[in-house]
Amino acid sequence: MTLSVLSEATGFEWDEYNSKKNQDAHGVEPGECEELFFNQPLLVVEDRKHSGMEPRFHAMGASDSGRKMLAVFTLRGSKIRVISVRDMSRKERAIYENKES
């Protein structure tokens, strides 16, 4: 997978609107979302379909409590900028759990 895109990341940049949207719509706080980037396994793939003005990526991982989530993000300089985060769908969970083994 495309984990190498995270090798230069030094932190997170949160947009206030996206952060609130993720909390309201999906019940995901920024801190819980950040956890998935530090836990293994972490699957990262490029989202070529939605990479218009900047490259976008999907990260599939789990929070410290084991909540399995999918985050859509881009990189702004050396910062991970999360666009959206939500619980994995059944199909995404199957892909993720297959990679866990």
Side-chain angles (χ1 to χ4, degrees):
M1 296 291 169
T2 319
L3 282 176
S4 62
V5 301
L6 297 175
S7 65
E8 302 288 320
T10 61
F12 294 86
E13 174 183 296
W14 286 96
D15 173 81
E16 194 174 317
Y17 170 77
N18 284 342
S19 180
K20 181 164 176 29
K21 178 183 71 171
N22 291 321
Q23 290 172 13
D24 293 347
H26 306 293
V28 182
E29 299 284 333
E32 184 179 24
C33 174
E34 291 176 10
E35 291 170 358
L36 76 89
F37 288 90
F38 296 100
N39 293 328
Q40 294 298 319
L42 176 64
L43 307 177
V44 177
V45 295
E46 188 175 357
D47 180 359
R48 293 183 185 169
K49 181 178 178 184
H50 297 102
S51 293
M53 297 179 72
E54 61 188 358
R56 288 194 178 184
F57 303 90
H58 289 193
M60 297 170 76
S63 67
D64 291 350
S65 67
R67 183 177 181 183
K68 294 178 177 157
M69 297 179 283
L70 179 132
V72 177
F73 71 96
T74 190
L75 293 171
R76 296 270 173 91
S78 64
K79 304 289 186 190
I80 297 168
R81 184 177 177 99
V82 176
I83 298 161
S84 177
V85 60
R86 59 171 173 72
D87 292 319
M88 288 183 201
S89 69
R90 220 175 290 145
K91 182 179 177 181
E92 292 160 347
R93 184 182 297 267
I95 292 166
Y96 179 75
E97 289 171 352
N98 184 47
K99 296 295 182 187
E100 279 184 303
S101 332

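Keep in mind it's a predicted model, so treat the numbers as computed, not measured.
At least one side-chain heavy atom of D47 sits less than 4.5 Å from a side-chain heavy atom of K49. For the pair L6/F73, a side-chain contact is recorded, criterion being any heavy-atom separation below 4.5 Å from C-beta on. Within the 4.5 Å cutoff, the side chain of K99 has no heavy atoms near those of the M60 side chain. With a 4.5 Å cut-off on side-chain heavy atoms, E32 and S65 count as touching. Two residues are said to be in side-chain contact when any heavy atoms from C-beta on lie closer than 4.5 Å; T74 and I83 meet this criterion.
Among all heavy-atom pairs drawn from L36 and G61, the shortest one is CB-C, 3.9 Å. Here the closest non-hydrogen pair linking L42 and Q40 is N-OE1, 3.6 Å. When all heavy atoms of S63 and M69 are compared, the pair lying nearest together is CB-CE, 3.8 Å. Scanning all heavy atoms of the two residues, the minimum distance from A59 to F37 falls at CB-CE2, 3.9 Å. Nearest heavy-atom pair, W14 versus S19, reported as atom, atom and distance to 0.1 Å: CE3-CB, 4.1 Å.
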Candidate pair K79 and T10, rule side chain to side chain contact (heavy atoms under 4.5 Å, CB included), full reasoning
CA-CA 6 Å; K79 304 289 186 190; T10 61; 3.8 Å; yes

Can L75 and E8 be said to form a side chain to side chain contact (heavy atoms under 4.5 Å, CB included), step by step?
CA-CA 10 Å; L75 293 171; E8 302 288 320; over 6 Å; no

Applying side chain to side chain contact (heavy atoms under 4.5 Å, CB included) to S84 and N22, what does each step give before you reach the verdict?
CA-CA 6 Å; S84 177; N22 291 321; 3.9 Å; yes

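Remark: R76 engages E54 in a salt bridge, criterion side-chain N to carboxylate O under 4.0 Å.
R86 pairs by the side-chain contact (heavy atoms from CB on, under 4.5 Å) definition with H26, L70, E92, not counting sequence neighbours.
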